[in-house]
There are 2 protein chains.
Amino acid sequence: MAIQKTAANYAQIFHALSDEKRLAILDLLRAGERCVCDIAGPIGMKQSLLSFHLKVLREAGLLRSARVGKWIHYSIHPEAGDVLESFGRELAMSAMSAKVVFCC
Amino acid sequence: MAIQKTAANYAQIFHALSDEKRLAILDLLRAGERCVCDIAGPIGMKQSLLSFHLKVLREAGLLRSARVGKWIHYSIHPEAGDVLESFGRELAMSAMSAKVVFCC
DNA sequence: TTGACAAATCAAATTTTATTGATATGATAT
DNA sequence: ATATCATATCAATAAAATTTGATTTGTCAA
C-alpha cells in the first residue's frame with residue numbers, strides 16, 4: 001500500500017505542474033533521462049533558472065536526479081504518473097456518483 | 001475524441017489545483033453539488049475570497065456552476081477527473097518505457 | 001594543485017497570486 | 001418599487017513565486 005498523500009503534498013505536486021516551462025521539462029524527459037546541460041538547450045533557459053525549476057519538480061517528487069561523474073542526470077520519478085492517475089480516477093469516480101442536492 | 005489540451009491548458013488546470021483551500025473545495029464537492037453559501041461554512045472563508053477561488057477552479061474547467069433561483073450551485077465538472085487521470089497515465093507509461101541515455 | 005566545466009545556491013528585482021473590504025449585479029419576496 | 005439575500009467584481013494591499021546575475025560547490029583532467 002502506498003503512503004497516503006496529504007492535501008499539502010498534492011498542492012505541492014500540482015504547483016510544480018502549474019508552469020508551462022516545467023511541463024516542457026517533464027515532456028522532454030518522457031523520452032528518457034538527461035543531464036541538465038542537455039535540457040537547457042531544448043528548453044531555452046538560463047542555467048540558474050533551469051536549476052530552480054528542476055528543484056521545484058524534484059522536491060514535489062516528480063523528478064529524481066543522480067550524479068554521473070561531472071553531470072547530474074534527471075529523470076521522471078517512476079511513481080509520478082501513478083499518483084496523478086489515481087487522483088484523477090478518484091475524482092472521476094466521485095463526480096460520477098455525486099448526489100444532486102440542491103442545498104438551499 | 002476529446003479536444004486536445006495544450007500545455008497552457010494543463011498549466012491552468014494544475015495551477016487551480018495547486019492551493020490547499022481549492023483542494024478542500026473540490027473535496028467538499030465530491031459528495032455532490034452545493035451552493036456557495038453552503039461551501040463557505042465548512043471551508044471557513046469570506047464570501048469574496050471563496051468567490052475568487054471558485055472562479056479559478058471554474059475557469060480551469062474543474063467545476064461548473066448553475067444558477068438555481070437565488071443561489072448558484074457548484075459541482076465537479078464531469079470530465080475533470082478524466083483529464084487528470086489520462087495525463088497521469090501517459091506520464092506513467094512514458095516513464096516506464098523511457099530510455100536510460102546517459103547523455104553527456 | 002590548478003584550471004575548466006557542470007550544477008546549485010544566494011540576494012535582489014520583478015512578476016504573479018491571494019486576500020481584504022467595499023461595491024455592484026441579479027433574483028426573490030413584500 | 002423596495003428591501004433583502006446570494007454571489008460576483010473591483011481596487012488596493014500583502015504575500016508568494018519567478019527571474020536575473022553573481023558566487024559557490026563539486027568533479028574531473030592536466
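Residue numbers begin at 1 in each chain, while the letters A, B, ... track the order of the sequences.
- Taking atom NZ of residue K70(A) and atom P of nucleotide dA7(C), one finds them 10 Å apart after rounding to whole Å.
- A donor-acceptor contact under 3.5 Å is not formed by the side chain of Q47(B) with the base of dA6(D).
- The nearest whole Å value for the distance from the CG atom in D19(B) to the P atom in dA16(D) is 11 Å.
- What separates CE of M45(B) from P of dA6(D) is a distance of 19 Å, to the nearest Å.
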* To do: Tell me, with the steps shown, if C35(B) and Y74(B) meet side chain to side chain contact (heavy atoms under 4.5 Å, CB included).
  => CA-CA 6 Å; C35(B) 69; Y74(B) 277 82; over 6 Å; no
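- Side-chain proximity of V36(B) to the nucleotides dT7(D), dA27(C), dA7(C) is greatest for dT7(D).
- Distances were taken from every side-chain heavy atom of V56(A) (C-beta onward) to each of dT7(D), dT18(D), dA27(C); the shortest belongs to dT18(D).
- Among the nucleotides dT27(D), dT19(C), dG26(C), the one closest to any side-chain atom of R67(B) is dG26(C).
- Contact check, H53(B) against dT7(D): no side-chain N or O comes under 4.0 Å of OP1 or OP2.
- Backbone-only engagement by R22(A) is indicated by non-hydrogen atom pairs under 4.0 Å involving sugar-phosphate atoms exclusively.
- Note on K55(A): every side-chain N or O is 4.0 Å or more away from OP1 and OP2 of dA7(C).
- Considering only side-chain atoms of S48(A), the nucleotide from dA22(D), dT9(D), dT27(D) that sits closest is dA22(D).
- The aromatic rings of F87(B) and Y10(B) are tilted relative to each other, their planes meeting at an angle between 30° and 60°.
- When distances are taken from the side chain of K21(A) to each of dC5(C), dT19(D), dT9(C), the shortest belongs to dT19(D).
- Distances from the side chain of W71(B) to the nucleotides dT27(D), dA6(D), dT19(D) place dA6(D) closest.
- Contact between the side-chain N/O atoms of Y74(B) and the OP1/OP2 oxygens of dA8(D) is found at a separation under 4.0 Å.
- For L49(B) and dC10(D), the CG to C1' distance is 14 Å, given to the nearest whole Å.
- To the nearest 0.5 Å, atoms CG (L91(B)) and OG (S86(B)) are separated by 11.5 Å.
- Both G69(A) and F52(A) lie close to DNA chain D; mapped to their nearest nucleotides by heavy-atom distance, the more 5′-ward contact belongs to F52(A).
- Side-chain atoms of R64(B) and H77(B) include no donor-acceptor pair closer than 3.5 Å.
- Expressed to the nearest 0.5 Å, how far CD of E33(A) lies from CG of L63(A) amounts to 11.5 Å.
- The side chain of C37(A) approaches dA6(C) more closely than any other nucleotide in the set dT19(C), dA6(C), dT28(C).
- One interatomic measurement links the two molecules: CD1 of I72(B) to C1' of dT28(C), which rounds to 14 Å at whole-angstrom precision.
- Distance check: L50(B) CG to K21(B) NZ gives 11.5 Å after rounding to the nearest 0.5 Å.
- Summarising the geometry, the separation between CG on L54(B) and P on dA18(C) is reported as 13 Å, rounded to the nearest angstrom.
- The distance from atom CG of D38(A) to atom C1' of dA6(C) is 11 Å, rounded to the nearest whole Å.
- Rounding to whole angstrom units, CD of residue Q12(A) and P of dA17(D) are separated by 10 Å.
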